[in-house]
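Below: the structure, in structure tokens.
Each residue takes its place number in the sequence, starting with 1. Keep in mind the model is a prediction, meaning the values are calculated, not measured. Computation of the quantities below employed the complete heavy-atom set of this structure, encompassing side-chain atoms and omitting hydrogens, waters and symmetry-equivalent molecules.
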Amino acid sequence: MSAEVDKLYMEETDKQFPPYVLYVVTNVCNAKCTFCPQSEIADDPNFSKQHLSWEHFTRSVEEIAKHPIKLLRFTSEGEPMMHPKMPEMIAYAKKVGIQKVDLTSNGSLLKGKRLKQLMECPPDIMDVSLDAFHQETFEKYRVGLDFDEVKKNVMHLLEIRDPAKTKVMVSMIHHEGLDEEVELFRNYWEGRVDNVAIRRPHTNLGTVDVGDKLEKPDDRWPCPHIWQRLLINHAGNIRFCPVDWHEGSNIGSLDEMTVAEAWQGPLMTDLRQRHVEGNFCGSGVCENCPDWPAIVWGHGWLNLVDKNSKAS
């Protein structure tokens, strides 16, 4: 383990609360993206649609607002705009004092009445996952969505947002064979939006195939996630792994513990120590994680937020 990571570990162990909290507000989606586990999960006969309850949200976000977190991000194991109270959630988070709110969306529902409601109390960062420059690439990966419509929605968002209040970011996953398209995507959107994010592919703990793009270095490093974030999902469960779609990283329920108790508790303390020591045997979902090479120190969502905050 590098001296840089070791220093960060020693500093972060004194912190009482995660600097970054994600809300996975729903497991419902209007797309069947090929790189996303949601479609397979939704096709299971035992699948049940679920939105994060208002009670779980308000109780937890009021706790979170008492701490100086760097970011509150709304995302989902689906499309967050499918949650019937998504605009109200953002407004409530801002009302109780959250300073930096991010909404990640596939862009398909950023229109009409829903967009108008969202812009009444907008997120600080609006992140749209486009994942393509060409229509044929979009249709290959973002199955069920309309390329022209989503692009039109982003352009309209750029026209109506207040740049001083809401930064707009677009992102693309660098799938195998898309080197040239990634550059076209970057060149087209830079200057139009506040930030362009090119993301590394990952398998969501082996759930989806990303080809040969995910190369593994010889030496495994500790996962930054367990020092930087916690996740609250649509069932009101607290998890430590954002790429775990099958509840293997559950710490507990909001009905059993607070966010601070989850962060400071024995499970997280033991897990961080294991990562520092490189002792992954018996560490649950971390033990055989195939995605650690894609999770790099200094290249996470908090770094993108810093870039957006500095964007003019």
Side-chain angles (χ1 to χ4, degrees), residues 1-22 24 35-37 67 69-71 73 75 77 173-176 197-233 237-252 257-306:
M1 187 171 118
S2 72
E4 179 183 355
V5 175
D6 182 62
K7 181 175 182 293
L8 180 58
Y9 168 74
M10 297 304 294
E11 291 175 349
E12 293 295 328
T13 50
D14 292 332
K15 293 191 179 296
Q16 300 299 303
F17 207 80
Y20 170 18
V21 178
L22 292 89
V24 173
F35 53 84
C36 177
H67 300 269
I69 68 165
K70 296 180 179 179
L71 177 68
R73 180 183 173 199
T75 179
E77 291 173 355
I173 298 175
H174 193 163
H175 291 289
E176 187 177 9
I198 306 301
R199 298 182 290 147
R200 296 165 180 253
H202 55 75
T203 72
N204 293 285
L205 295 185
T207 307
V208 293
D209 181 15
V210 297
D212 298 326
K213 195 70 185 175
L214 199 60
E215 299 179 0
K216 291 188 177 181
D218 293 333
D219 297 322
R220 181 174 174 178
W221 50 76
C223 179
H225 291 330
I226 61 176
W227 280 273
Q228 295 178 346
R229 66 176 79 181
L230 280 183
L231 178 152
I232 298 169
N233 78 352
N237 294 324
I238 305 172
R239 297 200 322 238
F240 64 80
C241 180
V243 299
D244 165 32
W245 288 58
H246 296 284
E247 308 290 346
S249 62
N250 273 1
I251 303 171
M257 62 179 64
T258 65
V259 179
E261 288 170 343
W263 186 248
Q264 299 169 19
L267 189 153
M268 292 299 291
T269 300
D270 176 71
L271 191 62
R272 293 186 192 109
Q273 188 63 40
R274 285 176 176 272
H275 275 245
V276 168
E277 295 173 353
N279 175 23
F280 299 100
C281 182
S283 60
V285 297
C286 298
E287 181 170 355
N288 297 308
C289 174
D291 295 312
W292 66 267
I295 305 168
V296 181
W297 289 86
H299 293 276
W301 214 259
L302 289 177
N303 300 86
L304 294 175
V305 170
D306 289 340

Next on the checklist: Let's go through Ile232 and Val24 carefully: what are the C-alpha distance in whole Å and the side-chain angles of both, what is the deciding distance for side-chain contact (heavy atoms from CB on, under 4.5 Å) to 0.1 Å, and is it a yes or a no?
Outcome noted: CA-CA 6 Å; Ile232 298 169; Val24 173; over 6 Å; no
If you round to the nearest 0.5 Å, how far is [atom2] of [Y] from [atom1] of [X]?
{"X": "Cys223", "Y": "Arg274", "atom1": "SG", "atom2": "CZ", "answer": "15.0 Å"}
{"X": "Trp263", "Y": "Thr269", "atom1": "CH2", "atom2": "OG1", "answer": "10.0 Å"}
{"X": "Phe240", "Y": "Asn250", "atom1": "CZ", "atom2": "CG", "answer": "9.0 Å"}
{"X": "Gln228", "Y": "Leu71", "atom1": "CD", "atom2": "CG", "answer": "11.0 Å"}
{"X": "Arg272", "Y": "Ile226", "atom1": "CZ", "atom2": "CD1", "answer": "6.5 Å"}
{"X": "Met268", "Y": "Ile238", "atom1": "CE", "atom2": "CD1", "answer": "10.5 Å"}

Quick check: does any side chain N or O of [X] sit under 3.5 Å from a backbone N or O of [Y], one acting as donor and the other as acceptor?
{"X": "Glu287", "Y": "Gly282", "value": "yes"}
{"X": "Asp291", "Y": "Asn204", "value": "yes"}
{"X": "Arg239", "Y": "Gly248", "value": "no"}

Which atoms form the tightest heavy-atom contact between [X] and [Y], and what is the distance?
{"X": "Leu231", "Y": "Pro242", "result": "CD1-CA, 3.8 Å"}
{"X": "Pro290", "Y": "Gly206", "result": "CG-N, 3.5 Å"}
{"X": "Ala294", "Y": "Arg200", "result": "O-CD, 3.4 Å"}

State, yes or no, whether a side-chain contact exists between [X] and [Y] at a heavy-atom distance under 4.5 Å.
{"X": "Leu205", "Y": "Trp245", "value": "no"}
{"X": "Asn233", "Y": "Glu247", "value": "yes"}
{"X": "Arg220", "Y": "Cys286", "value": "yes"}
{"X": "Pro224", "Y": "Ile295", "value": "yes"}
{"X": "Ile251", "Y": "Met257", "value": "yes"}

Item to check | Evaluation steps, side-chain contact (heavy atoms from CB on, under 4.5 Å), between His246 and Thr207 | outcome: CA-CA 10 Å; His246 296 284; Thr207 307; 3.8 Å; yes
Next on the checklist: My understanding is that only one of His225, Arg73, Lys70 makes a side-chain hydrogen bond (donor to acceptor under 3.5 Å, both in side chains) with Tyr20; could you say which?
Outcome noted: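 Of the listed residues His225, Arg73, Lys70, the side-chain hydrogen bond (donor to acceptor under 3.5 Å, both in side chains) partner of Tyr20 is Arg73.
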Checklist entry - Aromatic rings His275 and Trp227: how do their planes relate, parallel, tilted or perpendicular, breaks at 30° and 60°? => result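 Aromatic pair His275/Trp227 classed perpendicular.
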